[in-house]
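Working notes for the structure below.
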Amino acid sequence: MLQAVFWDVDGTIAETEMQGHRKAFNKAFNYFNLDWYWSVRTYTSLLEVTGGRNRIKYFAQNNSLNLNSELINDIHFKKQEFYKSIINKGEIPLREGVFRLINELKDKSVMQVIVTTSSRLAVIPLLEKHFKCIYDIFDAIYTFEDVINTKPHPEIYIKAKNDINLSSKDILVIEDSLQGYKSANEAGLNVLITLPIWNCAISPEMTDCLSIVDNLGSESKKSTFYSQNESINGFVDYTYLNKLLIDN
Ligand code: XBP
Ligand code: MG
């Protein structure tokens, strides 16, 4: 039986990466007079490095720039200010079906937990922009600050799973990326993938997913199901998620 859903944030709940984080990083680089610009193409490959600070550090090292960790933190902090302002302007909507499914799961008393590599400074404004009282909806929120190893390492999913003390067979993870999938899968959890809207290629490494969809869908905008398990209603709802776990 479905008892808990673990939600990834970036790319899953909202398309924050290209239109939110990437733009905010570029604004911060400009603010610090760094001659850097992360295009969609560059950022797509940089997403393999999870965590904003790690991403800045990796890029600097690969471009033979020795930035000390204080400066990296300052750039990242500034980036979060720009990100928050993008969020507060309402530029980043939730993805199709997310609001509906979160409310449906709440009505069914399914536990909902946020499990993300992003920092709290980025996650909380996004959630507060879209939900009245986030602590009424989400039972726990795990972010970059809660772990040593970021996704694809399983640490964050193992931590969330151990803390809520439910059997893995009653938990479903909703993720968008290969990094997120690997993290959850290594933690022994079942995963549904909602493909990112800017990259709908299905990785051959996502072999054990219970389901892959283009988005969570709705009555008026049905999901495309890339695996054999299709939903009776044509979109991802409580009945479908529950059936995925029962049939597994
Ligand atoms: C996404 C990430 C984050 C964001 C940037 O994680 O890896 O680093 O790109 O956010 P997820 P921060 O898909 O697990 O939500 O700058 O706050 O790190
Ligand atoms: Mg993601």
Side-chain angles (χ1 to χ4, degrees), residues 5-29 38 40 42-60 69 72-87 92 94-95 98 112-127 130 138 140-160 173-187 189 191-201 203 206 209 212-213 215-216:
V5 166
F6 288 179
W7 287 95
D8 169 50
V9 174
D10 298 295
T12 297
I13 283 190
E15 201 303 274
T16 50
E17 292 293 11
M18 295 303 162
Q19 303 309 324
H21 293 297
R22 184 185 69 90
K23 287 186 177 172
F25 279 117
N26 284 331
K27 283 178 186 222
F29 300 153
W38 288 355
V40 168
T42 304
Y43 195 71
T44 303
S45 57
L46 284 172
L47 282 173
E48 283 192 26
V49 182
T50 55
R53 283 183 203 83
N54 299 342
R55 202 168 291 144
I56 297 169
K57 192 174 167 190
Y58 172 89
F59 188 80
S69 52
I72 292 177
N73 284 345
D74 289 349
I75 297 168
H76 189 246
F77 187 77
K78 198 72 203 167
K79 173 258 162 183
Q80 300 298 38
E81 283 181 9
F82 286 123
Y83 180 75
K84 191 173 173 182
S85 117
I86 292 171
I87 295 297
I92 312 282
L94 296 177
R95 286 191 67 185
V98 168
Q112 299 189 73
V113 177
I114 294 286
V115 185
T116 175
T117 304
S118 270
S119 316
R120 281 193 115 70
L121 276 179
V123 178
I124 304 297
L126 176 76
L127 297 177
H130 294 285
F138 300 105
I141 298 177
Y142 294 91
T143 62
F144 180 85
E145 291 78 6
D146 297 306
V147 284
I148 296 165
N149 305 292
T150 53
K151 298 174 188 175
H153 194 282
E155 183 180 349
I156 197 157
Y157 278 111
I158 292 173
K159 189 172 172 49
V173 173
I174 305 185
E175 268 285 354
D176 70 307
S177 70
L178 179 60
Q179 310 294 69
Y181 164 75
K182 283 182 177 170
S183 172
N185 191 49
E186 273 280 301
L189 296 170
V191 184
L192 174 143
I193 294 284
T194 174
L195 293 167
I197 54 181
W198 44 269
N199 177 11
C200 55
S203 164
M206 291 176 174
C209 287
I212 302 180
V213 293
N215 60 66
L216 300 177

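Residue indices begin at 1 and follow the sequence shown. Start at 1 and go down the list; that is how both ligands and their atoms are numbered.
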(message) Quick one, Arg95 and Ile197 - any side-chain contact, counting heavy atoms below 4.5 Å?
(response) yes

(message) Would Thr50 and Thr150 count as a side chain to side chain donor-acceptor pair (under 3.5 Å) here? Give the steps.
(response) CA-CA 6 Å; Thr50 55; Thr150 53; 2.9 Å; yes

(request) Output, in order, the C-alpha distance, side-chain angles, deciding distance and verdict of salt bridge (charged side-chain N to carboxylate O under 4.0 Å, His left out) for Glu81 and Lys84. (result) CA-CA 5 Å; Glu81 283 181 9; Lys84 191 173 173 182; over 6 Å; no

(request) May I ask you to identify the nearest protein heavy atom to atom 15 (O) of ligand 1, giving residue, atom name and distance to one decimal place in Å? (result) Thr116 OG1, 2.5 Å

(message) I'd like to know whether ligand 1 has Gly51 as a neighbour, heavy-atom separation below 4.0 Å.
(response) yes

(message) Taking the side chain as everything from C-beta on, heavy atoms only, tell me whether Phe59 gets closer than 4.5 Å to Asn54.
(response) no

(request) Mark up the atoms of ligand 1 that fall under 4.0 Å of a heavy atom belonging to Ala122, in ascending order. (result) 17 (O)

(request) Look only at interatomic distance and state if Thr50 has a nitrogen or oxygen under 3.5 Å from any nitrogen or oxygen of ligand 1. (result) no

(message) Among all the protein's non-hydrogen atoms, which is closest to atom 3 (C) of ligand 1, and how far away is it?
(response) Ser118 OG, 3.4 Å

(request) Report yes if the distance between the aromatic ring centroids of Phe29 and Trp38 is under 6.0 Å, otherwise no. (result) yes

(request) Check whether any side-chain heavy atom of Asp10 sits under 4.5 Å from a side-chain heavy atom of Ser118, and report yes or no. (result) yes

(message) To check your reading of the model: name the closest protein heavy atom to atom 13 (O) of ligand 1, its residue, and the distance in Å.
(response) Asp8 OD1, 2.8 Å

(request) Tell me which part of Gln179 gets within contact of ligand 1: side chain, backbone, both or neither, using heavy atoms under 4.0 Å. (result) neither

(request) Please state which part of Tyr43 comes within less than 4.0 Å of ligand 1, counting heavy atoms only: side chain, backbone, both or neither. (result) side chain

(message) Is there a polar contact, in the sense of an N or O pair closer than 3.5 Å, between Val115 and ligand 1?
(response) no

(message) Would you say that Leu47 contacts Ser177 through its side chain, given a criterion of any heavy-atom pair below 4.5 Å between the two side chains?
(response) no

(message) Show the atoms of ligand 1 that are less than 4.0 angstrom away from any heavy atom in Arg55.
(response) 2 (C), 3 (C), 4 (C), 5 (C), 7 (O), 8 (O), 9 (O)

(request) Fit a plane to each ring of Phe25 and His76, take the angle between them on a 0 to 90° scale, and name the class: parallel (under 30°), tilted (30 to 60°) or perpendicular (over 60°). (result) tilted

(message) Under a 3.5 Å threshold, yes or no: a donor from one side chain and an acceptor from the other, between His153 and Lys182?
(response) no

(message) Between ligand 1 and Glu175, can you find any atom pair, the residue atom being a heavy atom, that is separated by under 4.0 Å?
(response) no

(request) Please name the pair of heavy atoms, one in Thr194 and one in Ile174, separated by the smallest distance, quoted to 0.1 Å. (result) CG2-CG2, 3.9 Å

(message) Does any N or O of ligand 1 fall below 3.5 Å from an N or O anywhere on Asp176, backbone included?
(response) no

(message) Test your reading of the structure: does Arg53 have an N or O sitting under 3.5 Å from an N or O of ligand 1?
(response) no

(request) Taking only heavy atoms of Lys151 into account, list the atoms of ligand 1 that are under 4.0 Å away from them. (result) 14 (O)

(request) Dump the intermediate steps for salt bridge (charged side-chain N to carboxylate O under 4.0 Å, His left out) on Arg120 and Asp146, then the final yes or no. (result) CA-CA 10 Å; Arg120 281 193 115 70; Asp146 297 306; 3.6 Å; yes

(request) Would you indicate whether the side-chain heavy atoms of Leu216 and Leu192 approach each other to under 4.5 Å? (result) yes

(message) Side chains of Glu17 and Pro196, heavy atoms from C-beta outward: is any pair under 4.5 Å?
(response) no

(message) Using a 4.0 Å cutoff against the non-hydrogen atoms of Gly52, which atoms of ligand 1 qualify?
(response) 8 (O), 12 (P), 16 (O), 18 (O)

(request) Any atoms of ligand 1 less than 4.0 Å from a non-hydrogen atom of Glu17? List them with their elements. (result) 1 (C), 2 (C), 4 (C), 9 (O)

(request) Just the protein N/O/S atoms under 2.8 Å from the Mg ion (ligand 2), please, no waters. (result) Asp8 OD2, Asp10 O, Asp176 OD1

(request) Tell me yes or no: between the side chains of Glu155 and Tyr142, is some donor less than 3.5 Å from an acceptor? (result) no

